[in-house]
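Take a look at the structure set out below.
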Amino acid sequence: MAKISKEKNQNKKKIASKEQSTHLLRIAIQKSGRLSEDSIKLLKECGVGIANGNNQLKIKTENFDAEILFLRDDDIPEYVADGVADIGFVGENVVLEKNKDTQIVERLGYGRCRLSIALPKSKKQINIQSLEGKKIATSYPVILKKWLRQNKINADIHIISGSVEIAPRIGLADAICDLVSSGSTLFSNELYEFETILKSEAVLILGKQLTQKRKELLEKLLFRIRAVKKAKNNKYVLLNAPNNKIKEITKYLPGLNSPTIVPLAKEGWSSVHSVISESDFWNVIEKLKEAGAEGILIIPIEKMIE
Ligand code: ATP
Ligand code: ZN
């Protein structure tokens with residue numbers, strides 16, 4: 001612990017002491033871990049070029065006035081709150097646990113996981129009240145404590161960092177509270193997911209004070225992130241239909257404004273182009289087919305700007 005905080009302070013000083021380039025937006029992302037690849041990918045999709053970091057602490061980006069700070073995810077809220085970084089890409093679970101002075105400005109849609117209470121398979125509990133008086137091992141004491149208080153449960157929180165899932169087996173705790181995505185770690189440790197206390201994903205956090213120039217850069221970046229996110233949630237659809245069916249078909253195609261209709265060389269037929277949302281995708285496709293659409297093509301969208 002002492003070693004980690006010493007290293008963190010040295011890093012902070014290193015970043016802060018270098019010549020401050022006030023015209024650059026300082027973006028903190030996880031150095032290496034589950035969020036690193038997706039954070040870099042999102043930034044690249046937003047036109048923020050990141051050359052290979054080569055284990056550096058800080059690099060300047062290409063095509064966008066920004067600097068990337070590569071940090072441990074646990075340190076990101078503090079760096080942002082202290083103004084060493086302007087914004088950070090980090091798991092909401094970490095933001096809530098660290099409870100620093102930052103605000104969430106955008107949900108990023110990757111790094112999805114849940115913070116759940118898990119119990120040994122041999123112990124079937126009926127309801128959450130049966131956690132009363134139990135010992136729960138976790139690396140998320142702040143979030144767990146809040147949840148226990150809200151549910152009026154008195155339990156003993158045992159803080160451990162790393163390998164929380166082995167705690168019940170070695171007799172250190174009765175239950176654990178840890179991050180889960182597929183559930184395979186729980187399964188291989190003979191635990192089952194008993195109760196989800198938080199659903200998390202990567203979020204963009206913002207500190208208190210940004211210079212005017214940095215505010216403008218953030219707005220620019222947010223505009224691009226939203227366009228990328230929107231494109232991912234939508235598909236471009238192309239289909240052919242006899243002209244007498246177009247009216248019915250276009251009922252199911254809201255599009256950005258209204259669908260584009262182009263006559264085909266084949267007499268009495270048209271091609272219809274539109275955008276549909278991923279969430280009701282299959283329902284819409286089925287309705288289009290029923291209404292007489294043929295040769296339906298679905299194409300991914302790269303960016304979507306309204
Ligand atoms: P660091 O060295 O940066 O401290 P870490 O080991 O604490 O890394 P990772 O395991 O890389 O962190 O997880 C980073 C984030 O990824 C988590 O805080 C969480 O938001 C998200 N995540 C998504 N799925 C999972 C999962 N199954 N287990 C843990 N974290 C997950
Ligand atoms: Zn971490």
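All figures in this text were calculated on a predicted structure; none of them were measured in a lab. Remember, it's 1-based here, ligands and their atoms both numbered in the order they're listed.
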**Message:** Under the side-chain contact (heavy atoms from CB on, under 4.5 Å) test against V90, which residue among D74, V80, I29, V95 passes?
**Reply:** V95

**Item:** Lys/Arg N to Asp/Glu carboxylate O, D174 vs K135, below 4.0 Å
**Value:** no

**Item:** Nearest-neighbour protein heavy atom for atom 30 (N) of ligand 1, which is reported as residue plus atom name and distance
**Value:** L179 CD1, 3.3 Å

**Prompt:** Is any side-chain heavy atom of I225 less than 4.5 Å from a side-chain heavy atom of F89?
**Reply:** yes

**Prompt:** Within a strict 4.5 Å, meaning less than it, do heavy atoms of the I276 and N234 side chains meet?
**Reply:** no

**Request:** Around atom 24 (N) of ligand 1, find the nearest protein heavy atom and jot down its residue, atom name and distance.
**Result:** C113 CB, 3.4 Å

**Complete:** min-distance protein heavy atom vs atom 18 (O) of ligand 1 -> N93 ND2, 2.9 Å

**Request:** Mark up the atoms of ligand 1 that fall under 4.0 Å of a heavy atom belonging to D74, in ascending order.
**Result:** 4 (O), 7 (O)

**Request:** For the pair T61 (side chain) and A66 (backbone), establish whether a donor and an acceptor sit closer than 3.5 Å, ignoring hydrogens and angles.
**Result:** yes

**Shortest protein heavy-atom distance from atom 7 (O) of ligand 1, along with the residue and atom involved** = D73 OD1, 3.3 Å

**Prompt:** Who gets closest to atom 21 (C) of ligand 1 by heavy atom: S182, G111, S32?
**Reply:** G111

**Message:** Return the closest protein heavy atom for atom 2 (O) of ligand 1 as residue, atom name and distance.
**Reply:** R72 NE, 3.8 Å

**Prompt:** Taking only heavy atoms of G33, which atoms of ligand 1 are found under 4.0 Å from at least one of them?
**Reply:** 11 (O)

**Item:** Heavy-atom nearest neighbour in the protein, as seen from atom 8 (O) of ligand 1, with distance rounded to 0.1 Å
**Value:** Q30 NE2, 3.0 Å

**Prompt:** Starting from atom 27 (N) of ligand 1, which protein heavy atom do you reach first, and at what distance in Å?
**Reply:** S181 OG, 2.7 Å

**Message:** Quick test: of every protein heavy atom, which one is nearest to atom 31 (C) of ligand 1, and how far off is it to 0.1 Å?
**Reply:** R34 CD, 3.3 Å

**Message:** Quick check on contacts: which atoms of ligand 1 are under 4.0 angstrom from a heavy atom of G91?
**Reply:** 20 (O)

**Request:** List every atom of ligand 1 that sits less than 4.0 Å from any heavy atom of V94, numbering the atoms from 1 in the order shown and giving each element.
**Result:** 18 (O)

**Message:** I'd like to know if the side chain of Q30 and the backbone of L35 have a donor-acceptor N/O pair within less than 3.5 Å.
**Reply:** yes

**Request:** Would you mind naming the N, O or S atom of D73 nearest to the Zn ion (ligand 2)?
**Result:** OD1

**Fill in**
A student checking ligand 1 against L35 at a 4.0 Å heavy-atom cut-off should list atoms 15 (C), 16 (O)

**Request:** Please confirm whether K123 makes a cation-pi placement over F194, using NZ or CZ under 6.0 Å from the six-membered ring centre and within 45° of the ring normal.
**Result:** no

**Fill in**
The N/O/S atom of D74 lying closest to the Zn ion (ligand 2) is OD1

**Prompt:** Quick one: is the NZ or CZ of K146 closer than 6.0 Å to the six-membered ring centre of Y140, and within 45° of its axis?
**Reply:** no

**Prompt:** Quick one: which of D65, L25, L221, I40 gives a side-chain contact (heavy atoms from CB on, under 4.5 Å) with V48?
**Reply:** L221

**Request:** Can you measure from NZ (K245) to CG (N240) and round to the nearest 0.5 angstrom?
**Result:** 13.5 Å

